[in-house]
Amino acid sequence: MMGSVLLSVFRVVLELGLQCGVLFLLLPVMFWLAEDVPALLSGRAVAPLRERYARFATFWRLLLRHGLPVEDGLMLALGFLAMLCLAGLSLVMPEVGSLMGAWLADPLLMGGILLVGAVWAVPGRLWSAHGRCCATLCLTECFLVLAAPGVTGLQGVQRLLLAAPGSSLAGTSLCCAVALALTASLPGADSLADEMVGRGQRASRVARDQRQVIVAIYRVAWALLLGDLLLPVLFGLEGPAGVVGLMVRFGGGSLLVALGRMTGMSRNGRFVALLLGLAGLMALAGRFAV
């Protein structure tokens, strides 16, 4: 009996350890895709991908050597937890991924954590931006529950869509993903640097670089949340397919964020309201069709 319990605990630890290892390897690639590729396409010179890996390794080496303030360490832990849940990986023990995807990978819970990180990083930013994003998150949760009653988390959304491909839940999720992309309130690198200088805190370059890496993790997790809503059928795949699905979902979410910035639609509140109204109508249609 004790042996079986220890074996189960070992498998759970192994699964979570492998998932963390995969994310550590992929995060510099995600940073490069989200920040450097758009700059490269606009004609600006950017550092090569290996430079991203070098910076990420330096971040963890300094963290292990000197540590972080309690507040920064807590936000790093929450941001990485959000990444781990939204990644939807199942490498060795699918039950662990299914449990996290059903109970922890909830759009409102994960989005709320990411918004807390935005307030922590730039507390002086206008609260109206955070309020709009929070309201969109709450409506997203309501519409998903309305369209798929009894379904829990992104794993439940994925399973329902695989069981009923013609469900209006896909359209509801798509509209909510675009609306969240247009109301995103996570700070960029420039606004973070201005905020830190304005507050006169952590003036050293090392501290600024550490804070920027933590905020970059939050931005990557936000793009992944959008990708999970945009392509929910790719969430929670097992084995190597899960890693491929993770990158495809992240690419889709990053594309939504980039399009929102390029088109300037984030300033069009009527368009966001139209998207949310359409999502609500689809959710109602799916609810009455059940």
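Heads up: numbering here begins at 1 and tracks the sequence. In this text the structure is predicted, and so the values were computed from the model without any measurement.
- The two residues Leu169 and Ala148 have their closest heavy-atom pair at CD2-CB, 3.9 Å.
- Considering only heavy atoms from C-beta on, Leu174 stays 4.5 Å or farther from Met282 through its side chain.
- When all heavy atoms are compared, the tightest approach of Leu237 to Val233 is CD2-O, 4.1 Å.
- Sorted by first then second residue, the side chain to side chain donor-acceptor pair (under 3.5 Å) pairs that include residues 147-157, not counting sequence neighbours, are Gln155-Gln158.
- The hydrophobic cluster containing Leu27 also contains Leu68, counting ILVMFWY residues as joined when their side-chain heavy atoms lie under 4.5 angstrom apart, directly or transitively.
- Judged purely by atom type and a 3.5 angstrom limit, Arg249 uses its side chain to pair as donor or acceptor with the backbone of Leu234.
- Residue Leu104 is grouped with residue Val151 when hydrophobic side chains (ILVMFWY) are merged at heavy-atom distances under 4.5 angstrom, including chains of intermediate members.
- For the pair Glu15 (side chain) and Leu91 (backbone), a donor-acceptor distance under 3.5 Å is present.
- Note: Arg132 CZ to Leu182 CG = 11.0 Å, rounded to the nearest 0.5 Å.
- Counting only heavy atoms from C-beta outward, the side chains of Ile214 and Trp120 approach each other to under 4.5 Å.
- In this structure, CG in Leu109 is found 7.5 Å from SG in Cys85, a value given to the nearest 0.5 Å.
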Stepwise side chain to side chain contact (heavy atoms under 4.5 Å, CB included) check, Gln210 with Asp72
CA-CA 9 Å; Gln210 288 181 331; Asp72 290 9; over 6 Å; no
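- When hydrophobic clusters are built by joining Ile, Leu, Val, Met, Phe, Trp and Tyr residues whose side-chain heavy atoms come closer than 4.5 Å, directly or via intermediates, Leu84 is grouped together with Val244.
- Partner Leu139 forms a side chain to side chain contact (heavy atoms under 4.5 Å, CB included) with one of Leu144, Leu276, Leu180 and no other, that one being Leu276.
- Expressed to the nearest 0.5 Å, how far CZ of Arg52 lies from CZ of Phe31 amounts to 7.5 Å.
- Checking side-chain atoms of Ser173 against main-chain N and O of Leu229 turns up a donor-acceptor pair under 3.5 Å.
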May I have the step-by-step check of side chain to side chain contact (heavy atoms under 4.5 Å, CB included) for Asp209 and Val213, ending in yes or no?
CA-CA 6 Å; Asp209 290 344; Val213 170; 5.6 Å; no
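- To the nearest 0.5 angstrom, Ile217 atom CD1 is 11.5 Å from Met75 atom CE.
- In terms of heavy atoms, Leu246 sits closest to Ala87 at CD1-CA, 3.8 Å.
- Annotation: the span from Leu76 atom CG to Leu81 atom CG amounts to 11.0 Å, rounded to 0.5 Å.
- Taking both residues in full, the closest heavy atoms of Ala279 and Phe143 are given as CB-CD1, 3.8 Å, listed atom of the first, atom of the second, then distance.
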Can you check side chain to side chain contact (heavy atoms under 4.5 Å, CB included) on Met93 and Val12, steps first, answer last?
CA-CA 7 Å; Met93 195 173 179; Val12 170; 3.8 Å; yes
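- Remark: Cys175 SG to Leu230 CG distance equals 11.0 Å, nearest 0.5 Å.
- Closest approach of Leu115 and Ser185 over heavy atoms only: CD2-OG, 3.3 Å.
- For Arg219 (side chain) and Pro187 (main-chain N/O), a donor-acceptor pair under 3.5 Å exists by modelled atom type.
- Across all their heavy atoms, Thr172 and Ala147 have their closest contact at OG1-CB, 4.3 Å.
- In this structure Ser98 satisfies the side chain to side chain donor-acceptor pair (under 3.5 Å) test together with Arg159, sequence neighbours excluded.
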Using side chain to side chain contact (heavy atoms under 4.5 Å, CB included), reason through Met110 and Trp222 one step at a time and then give a plain yes or no.
CA-CA 9 Å; Met110 294 295 104; Trp222 184 264; over 6 Å; no
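- For Arg55 and Glu51, the salt-bridge test passes: some basic side-chain N is under 4.0 Å from an acidic carboxylate O.
- Linking ILVMFWY residues whenever their side-chain heavy atoms come closer than 4.5 Å, directly or via other members, places Leu108 and Leu154 in the same cluster.
- Met30 places a side-chain heavy atom less than 4.5 Å from the side chain of Met83.
- Note: Phe80 and Phe24 meet the aromatic proximity criterion, with ring centroids under 6.0 Å apart.
- At distances below 3.5 Å, not a single donor-acceptor pair connects side-chain atoms of Glu238 with backbone N or O atoms of Ser90.
- Hydrophobic clustering, with ILVMFWY side chains joined whenever heavy atoms are under 4.5 angstrom apart, keeps Val70 apart from Val119.
- Ring geometry, Phe59 versus Phe56: the interplanar angle falls under 30°, so the pair is classed parallel (tilted spans 30 to 60°).
- The local environment of CH2 in Trp60 is crowded, with over 12 non-hydrogen atoms from other residues, nucleotides or ligands closer than 6.0 Å.
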